Amino acid sequence: MSEVKFRGAHDLPPCSISVTHELTKTGNWRNAKPVFHKERCIQCGICWKVCPNACIKLGEYPEWDMDYCKGCAVCAEECPKDAIEMEDERVMI
Amino acid sequence: MSKSEKKMMRATIPEEEYMFPGTVDCQGCGAAYAMRLALKALGPQTMVVIPACCWSIIAGPFPTSALKMPIYHTAFETAAAVASGLKAGLNIRERDATVLAWAGDGGTFDIGVQALSAAAERDEDIIYVCYDNEAYMNTGIQRSSATPWGAWTTTTPRKHPKDRPKKNMMEIMAAHKIPYVASATVGHPEDFVRKLKKAKEIRGTRFFHVLATCPTGWRSPPELMLELPRLAVETRVFPLYEIENGVYSINRKPKQNIPVAEYLKVQGRFRHLTDQQIQYIQDHVDETWELLLKKEKLGRLF
Amino acid sequence: MSTVKVITGNHAASFGARDSRAEVIAAYPITPQTQIVELLSEFCADGTLKAKFIKVESEHSAMAACIGASAAGARAYTATSAHGLALMHEMLHWAANGRHPVVMANVNRAMGPPWSIWTDQNDSLAQRDTGWLQFYCESNQEVYDTTMIAFKVCEQVLLPGMLVLDAFILSHTYEPVEMPDQELIDEFLPPFDPPYKMDLKDPHAFGALTTPEWYMELRYLIQEAHEKALVKVREVEKEFGETFGRHYGPLELYRCDDAEEVILIAGSTASTTKDAVDIMRKEGRKIGLARIKLFRPFPNKEIRDIASRVNKMIVIDRNISFGNQGIFFNEIKASLYQTKHTPPVYGFVAGLGGRDMKIDDITGIVKQAETCNIEEILWWGVKL
């Protein structure tokens, strides 16, 4: 997860001072992943806007950062054109 | 067609991100989303003070931090006091920053209300945002004074759900005669961003009461993160309004009379309610709404 | 040119904060501390002191605001007493663990109930394990001087410091206090410049959740800072003495050179004890006084040193750790255990809740220590 490493006490800052950094790769929390249907997309940007974790890149079309996407499905729910569908990723044992 | 001519996705809120992904919040967390929006609105010249709340965890464990702004993590009841001190320390050194105190409903309505009231009375030059998920969610869904009447929490079990109404924090803060008090929700991102941008230009204590969906605690599907607060506004459970220098203005007056049941039924925390209890909530919501309409008509109230 | 003013201990604290150029003051009134903040309010209002005074609604918020100011990189100061200090407790930990060199004056006052406004040391000693440096002052001059000494030491080791003065006996009693030239003070105490602060250009999160992987190391660093603070106190006091002509030290010795017995005490009662020592000396008793000025970090070396030179130690505690003994008594014994020289140590609990401590009380205690049972807790003057 973190690239900020310490060797020992004397390597630490005097108090708990954190460095601005990406956190845990939350992608493995996911039960379902967003599947994008480009043909239905009207580029309204709502999916980008509503992602609680800023996992969608704003561009010509949305791009999901699957390392971090938790699969909350807010983007799919809010898409006015049903261009995003959630696909179950759970592995049944 | 060259790249520059390609049609791009629309952005109705500021594009710049100040929050890294990978924050450790639950799926569909309104609190995480609220911060993403707030930082976009306030911009990079912001320092954040966070007392004990979900955000103590969401921001990430030492030695990393998910925000591109400085954060001071502090004790539960101290957000407004630490923010006051921080602002004073910056001022005396002739440094400037928007100081944002960012607390949950427990840290605002309950344990932090004393320090917040005092900071507002002193009209400290801070923006205080209460992201309200209507219970102590970080400790596992215990009732707070922001929990609505009738809701289940782990300390208000279904056999004896909360039997007191939600504390009216907006009115409490307005009573301090601070320049700006606003309610907002994560279901109305443009509205929240607009209000924060407005607040940023005002000096003195600015208070935000933001309804922030908590799928875990509300027992609601995570994808309804925006839909639930929108329903709260449409059913008038949570009116969107501003109190600017004593003048009330309601930002959204729903044209349809959607019953509160529509809002309650999608949340597991209300599923035990009887029709009679739902009617009780409806009556209370109607009364509060009528009162708010009257206040708006009165013009300047302080 | 230095100036001499005849002022109370409380005002000595205010002048100390003024001359240390405190930048943010956040305080809440409590008897008997009020005059400290009243005078500081005046200084801030008339521009004598360029500081922002935050008139908070509680001591808890006072400390919280000081922490915020310190995080911004400003020099922060507050003052309180007894119940106010107790209310601050959580934030005392926060200040120390967050490594904020806030300086505070605490007017030693007894804890209620029953209500008492008079002096004893249980309020400050109850904060023993919060990580704060603690300086016990004997005179108004020392209150003034220790304010800048505390700022200097604390800012070097990034720990907060509390200077302690007795309610009424110092806080409301007038004594002449010499105040040096501001220029000299500024040279002694340069502006606060912490290695880390809330900075837009270098953003960090302070105090984020820390797992067992690193929490312990962060605590280890605080202990190390305390050990460094002990060295710094000696150095800074020496420098202060050379610059301003007054020297106190972590353990001030009075007539101890040839002493066979030594009384150990903290606070203003040390002055009374000095007179008692003089009287007993006249009677031929080889007795001295070791005044505990620094309680945290504890001056173990100095304590062991004096213990090695005497046959008997008498500790007078204006405090009690219920269920055990006087707090200084315990600390001193712990300091001597497993060292070569362990003279018998007698502990007396006396003067709680402001009960007057006169010369006769000190000489009486010394006399009782000749015959009493060392195993017992010795309550001096309690009406049974």
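Note on naming: letters A, B, ... go to the chains in the order of the sequence lines (proteins, then strands), and numbering restarts at 1 for each one. Everything numeric here is computed off the predicted structure, so don't read it as measured data.
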[X], part contacting chain A, at a heavy-atom distance under 4.5 Å:
{"X": "Leu67(B)", "answer": "backbone"}
{"X": "Ala34(B)", "answer": "neither"}
{"X": "Ile71(B)", "answer": "neither"}
{"X": "Glu190(B)", "answer": "side chain"}

With chain B as the partner, which of [options] has the greatest number of non-hydrogen pairs under 4.5 Å?
{"options": "Ala73(A), Ser16(A), Pro13(A)", "result": "Ser16(A)"}
{"options": "Asp65(A), Asp67(A), Thr26(A), Asn53(A)", "result": "Asn53(A)"}
{"options": "Pro62(A), Gly71(A), Gly27(A), Cys69(A)", "result": "Pro62(A)"}

Please name the pair of heavy atoms, one in [X] and one in [Y], separated by the smallest distance, quoted to 0.1 Å.
{"X": "Gly28(B)", "Y": "Val74(A)", "answer": "CA-CG2, 4.3 Å"}
{"X": "Glu60(A)", "Y": "Met9(B)", "answer": "O-CG, 3.5 Å"}
{"X": "Ala54(A)", "Y": "Met19(B)", "answer": "CB-O, 4.1 Å"}
{"X": "Phe62(B)", "Y": "Leu12(A)", "answer": "CZ-CD2, 3.8 Å"}
{"X": "Glu17(B)", "Y": "Trp48(A)", "answer": "OE2-NE1, 3.4 Å"}

Check your understanding: How far apart are the C-alpha atoms of Lys49(A) and Tyr33(B), what are their side-chain angles, what is the distance that settles it, and do they pass the side chain to side chain contact (heavy atoms under 4.5 Å, CB included) test?
Key -> CA-CA 10 Å; Lys49(A) 179 181 76 180; Tyr33(B) 184 47; 3.9 Å; yes

How many angstroms lie between atom [atom1] of [X] and atom [atom2] of [Y], to the nearest 0.5 angstrom?
{"X": "Arg10(B)", "Y": "Ile46(A)", "atom1": "CZ", "atom2": "CD1", "answer": "8.0 Å"}
{"X": "Glu78(A)", "Y": "Glu223(B)", "atom1": "CD", "atom2": "CD", "answer": "10.0 Å"}
{"X": "Met225(B)", "Y": "Cys51(A)", "atom1": "CE", "atom2": "SG", "answer": "7.5 Å"}

Check your understanding: Within residues 34-45 of chain A, which positions have a heavy-atom distance to chain B below 4.5 Å?
Key ->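 The residues closer than 4.5 Å to chain B, in numerical order, are Ile42(A), Gln43(A), Cys44(A), Gly45(A).
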
Review point. What residues, two or more places apart in sequence or in another chain, satisfy salt bridge (charged side-chain N to carboxylate O under 4.0 Å, His left out) together with Glu77(A)?
Key: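 Salt bridge (charged side-chain N to carboxylate O under 4.0 Å, His left out) list for Glu77(A), sorted by chain: empty.
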
Practice item. Using non-hydrogen atoms and a 4.5 Å limit, figure out which bit of Phe6(A) sits close to chain B: side chain, backbone, both or neither. Key: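 The side chain, not the backbone.
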
**Study point:** Within-4.5 Å side-chain heavy-atom neighbours: Cys55(A) and Pro21(B)
**Key:**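 Yes - at least one pair of side-chain heavy atoms lies under 4.5 Å apart.
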
**Study point:** Heavy-atom pair count under 4.5 Å with chain A, highest-scoring of Ile13(B), Asp25(B), Val24(B)
**Key:**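 Heavy-atom pair counts peak at Asp25(B).
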
